[in-house]
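Computation of the quantities below employed the complete heavy-atom set of this structure, encompassing side-chain atoms and omitting hydrogens, waters and symmetry-equivalent molecules. One-based numbering, in listed order, for ligands and for the atoms of each.
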Amino acid sequence: MKPVAVITGASRGIGRGIAEELAPTHHVVATYKGRLDAAQSLQEKTACEIFQCDVSQAADRVALIEFTRAKFGRVDLLVNNAGISQRVRADVLEATEESFDELIHTNLKGPHFLTQLAAKWMLEQGSGRIVYITSVSAFAASVNRAEYCISKAGLAMSVSLYAQRLAPHSIQVFEIRPGVIRTDMIAAVEKVYEERIAGGLIPQRRMGEPADVAKAVRAIADGLLDYAAGQVLNVDGGFHMRGL
Ligand code: NDP
């Protein structure tokens, strides 16, 4: 039987790119939150399973694991990809608690506790791999996106915690930190980013594509990084490097 990959937020953007990459070699469970149309078009293209799941909701997380268990009886890879941007970019001096709560619940609490469920299952199996899609915002402060940055910085610690806890049990946990990737999430500011990239923001001088992130997941899924537990892969065109 092909290995089983659960990918959250796979109806669009980066998660979809990961699902398309893995579909030829894996049974893929692709989750979506509201865009059934997008999820169905992925299903038509890749013959994956689709499942509605709001990662911020505990009952949805349990239902996703139960669905995967009933359908395939195992999980070999969890990709914590689902995430949201703040609805409004507001200065850190003005940003609201409401927005903070929304981002923390979806971007941090959701994947942290979904990982807890998957990790317990993988411990029963004695194997598994877990990937988190965080962001360069885990370390790069944007003063008008504080809640997003804080959620991603917390998510990076979730990776460290599970990577340490699970490494002795043949379960590897990895973090992928994308830079600026062309998806719906950044559509409203794509032009601004293109101008900044032309001005030197990204050493490799181009915006990333979902396929760039998907290739990094492919390497992990194929076991090429299995002696690199807890590794952080910066898929950002070199943005993280300091220059002088
Ligand atoms: P998109 O907005 O293009 O896609 C988001 C996906 O997540 C969709 O499949 C959406 O489902 C799903 N989703 C949204 N909210 C929830 C929720 N509460 N529960 C479950 N699924 C949800 O985003 P990207 O592809 O750009 O981002 C994917 C991940 O990559 C995010 O974690 C993001 O923070 C991160 N990232 C993105 C970067 C970028 O430049 N684009 C850079 C660095 C990191 P539906 O289609 O049903 O709405």
Side-chain angles (χ1 to χ4, degrees), residues 6-21 28-43 48 50-64 78-87 101-115 131-140 142 145 147-156 158-159 175-194 196-197 201-202 206-214 216-217 232-237 239-240:
V6 174
I7 307 166
T8 64
S11 42
R12 294 181 288 121
I14 293 171
R16 187 185 181 101
I18 296 167
E20 289 176 0
E21 169 66 39
V28 170
V29 179
T31 83
Y32 65 99
K33 183 188 174 196
R35 289 285 305 276
L36 175 62
D37 59 322
Q40 283 174 332
S41 84
L42 175 73
Q43 187 175 39
C48 66
I50 56 173
F51 191 79
Q52 184 177 30
C53 172
D54 179 342
V55 286
S56 70
Q57 301 300 312
D60 282 20
R61 295 191 293 268
V62 170
L64 170 61
L78 168 66
V79 183
N80 283 309
N81 165 78
I84 53 171
S85 196
Q86 61 296 310
R87 291 169 195 265
D101 287 347
E102 185 180 26
L103 274 273
I104 294 297
H105 283 135
T106 302
N107 291 2
L108 177 55
K109 183 178 157 189
H112 181 75
F113 284 101
L114 179 60
T115 298
V131 181
Y132 284 66
I133 308 300
T134 65
S135 168
V136 291
S137 298
F139 65 87
S142 302
R145 295 190 299 131
E147 56 277 67
Y148 184 79
C149 295
I150 292 168
S151 72
K152 293 296 186 178
L155 203 56
S158 178
V159 175
E175 177 181 353
I176 295 177
R177 277 186 191 165
V180 182
I181 310 293
R182 197 185 318 276
T183 70
D184 292 348
M185 182 179 276
I186 62 117
V189 283
E190 185 172 334
K191 201 161 171 291
V192 177
Y193 276 130
E194 287 289 13
R196 293 184 67 190
I197 291 167
L201 178 71
I202 294 178
R206 71 165 174 86
M207 193 173 285
E209 304 292 339
D212 292 311
V213 181
V217 176
V232 179
L233 302 182
N234 295 286
V235 183
D236 63 358
F239 173 83
H240 67 283

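Within the model, atoms OH of Tyr32 and CD of Gln40 stand 7.0 Å from one another, a figure rounded to the nearest 0.5 Å.
Put simply, the side chain of Ser151 never gets that close to the backbone of Ile104: no donor and acceptor are under 3.5 Å apart. Distance alone, capped at 3.5 Å, places no donor-acceptor pair between the Arg196 side chain and the Leu201 backbone. Formation of a donor-acceptor pair under 3.5 Å by the Thr106 side chain with backbone atoms of Leu103 is not found in this model. Within the 3.5 Å criterion, the main-chain N or O of Val159 finds no donor-acceptor partner in the side chain of Glu175. In this structure a side-chain-to-backbone donor-acceptor pair under 3.5 Å is missing from Ser158 to His112.
Residues lining ligand 1 at a heavy-atom distance below 4.0 Å are given as Gly9, Ala10, Ser11, Arg12, Gly13, Ile14, Tyr32, Lys33, Gly34, Arg35, Cys53, Asp54, Val55, Asn81, Ala82, Gly83, Ile84, Thr106, Ile133, Thr134, Ser135, Tyr148, Lys152, Pro178, Gly179, Val180, Ile181, Thr183, Asp184, Met185, Ile186, ordered by chain and residue number.
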